[in-house]
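What follows is one structure encoded as structure tokens, with my remarks underneath.
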There are 2 protein chains.
Amino acid sequence: MTKRDQLGNFELMVMLALIRLGDNAYGVPISEELEKRTGRDVAIGSVYAALERLEDKGFVTSELGEATPERGGRAKRYFRVTARGLREVRETQRALVNLWHGLPELEGGKA
Amino acid sequence: MTKRDQLGNFELMVMLALIRLGDNAYGVPISEELEKRTGRDVAIGSVYAALERLEDKGFVTSELGEATPERGGRAKRYFRVTARGLREVRETQRALVNLWHGLPELEGGKA
DNA sequence: CATTTATTCAAGTATAGTGAATAAATCACC
DNA sequence: GGTGATTTATTCACTATACTTGAATAAATG
């Protein structure tokens, strides 16, 4: 019955990319950041799907960027994490770190 | 078409509990370890389901315990992580740590 | 056969991955 | 100044995989 709205693996990664990107967090750079730091291919569609779920859960908010930049292309939709979202990220991080802390098999993954 | 067999969030946690438990890794203590370190309720059925997926992926192996212990109850099924499983855990850990490394919002989650 | 300890099953919901379609802006050209 | 090509970005429809839950089953002992 618990409706806990936990973070999935990919959702957590998206949240972390979002935090790092700050004011420049929208679809494309989020995707690039994930590829760069994880070394895995990231389908952009997955990113948007995760962002939508996260917004539904109240972990991020979004707003459209300015309507007429001096380049071609559609307007960007900027995302930012909410206080609740940040709390949830910390919570998930804490759980993981508790689980792997002190395991000699997992050295080098430090902080 | 990519069949990458990545670790889900819960699967990762189960793997970590498995590593920590060593020779005593079977359903019940795995579940307890998870509850203890994450602070979240864990349905034992979820643990078994994850273990089965992990075994399918070649990340863990299992074998039945001795048939006649001096207590009631069915025989235990012991699990252990494979070399490939350990590699995958390290890989996932590395990706996460890369993503949160250096973010001031996430201090205190150290190693 | 009652009790204990443990695993398995079935069926539902949630999360993730993919490729193609659509949207909204600028630019070049006449 | 209207039209279509180009650019940048988001959305959609579907499929696949992961997770959850509660109840059922299994295998041992007293």
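Since the model is a prediction, treat every value here as computed from it, not as a measurement. All chains are named by letter (A, B, ...) in the order of the sequence lines, taking the proteins before the strands, and each is independently numbered beginning at 1.
Nucleic acid contact class of A/Ala49 (heavy atoms, under 4.0 Å, all strands): none. Within the 4.0 angstrom heavy-atom criterion, base atoms lie near B/Gly45.
Listed for the A/Arg90 side chain is no donor-acceptor partner under 3.5 Å among the backbone atoms of B/Leu106. When atom types are taken as modelled, the side chain of B/Ser31 and the backbone of B/Gly27 share no donor-acceptor pair closer than 3.5 angstrom.
Distance A/Leu7 CG to C/dT15 P: 9 Å, rounded to the nearest Å. Note: CZ (B/Phe10) to P (C/dA14) measures 17 Å, nearest angstrom. One atom, CD of A/Gln6, and another, C1' of D/dC19, lie 10 Å apart when rounded to the nearest Å. Going from atom CG of A/Leu54 over to atom P of C/dA14 covers 15 Å, rounded to whole Å. Rounded to an integer number of Å, the gap from CG of B/Asp5 to P of D/dT17 is 9 Å. As rounded to whole Å, 17 Å separates atom P of C/dT13 from atom CG of A/Asp56. Rounded to whole Å, the distance from CD1 on A/Ile44 to P on C/dA16 is 16 Å. At whole-Å resolution of the value, CD in B/Glu52 and C1' in D/dC19 are 13 Å apart.
Judged as a salt bridge (Lys or Arg N to Asp or Glu O under 4.0 Å), and not counting sequence neighbours, A/Glu35 has no contacts. B/Arg77 pairs by the side-chain hydrogen bond (donor to acceptor under 3.5 Å, both in side chains) definition with B/Glu55, B/Ser62, not counting sequence neighbours. A/Tyr78 pairs by the ring-ring contact (aromatic ring centres under 6.0 Å, His included) definition with A/Tyr26, not counting sequence neighbours. Not counting sequence neighbours, B/Lys76 has no partner by the salt bridge (Lys or Arg N to Asp or Glu O under 4.0 Å) test.
Each of A/Phe79 and B/Arg53 has a nearest nucleotide on DNA chain D; the 5'-most of these lies closest to A/Phe79.
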ask   = Once each nucleotide of nucleotides 1-6 of chain C is scored for protein heavy atoms under 4.0 Å, what B/S/- sequence comes out, 5' to 3'?
value = ---BBB
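Closest to the A/Asn9 side chain, of the nucleotides D/dT20, C/dA16, D/dA18, is C/dA16.
The stretch residues 56-65 of chain A participates, sequence neighbours left out, in these salt bridge (Lys or Arg N to Asp or Glu O under 4.0 Å) pairs: A/Glu11-A/Lys57.
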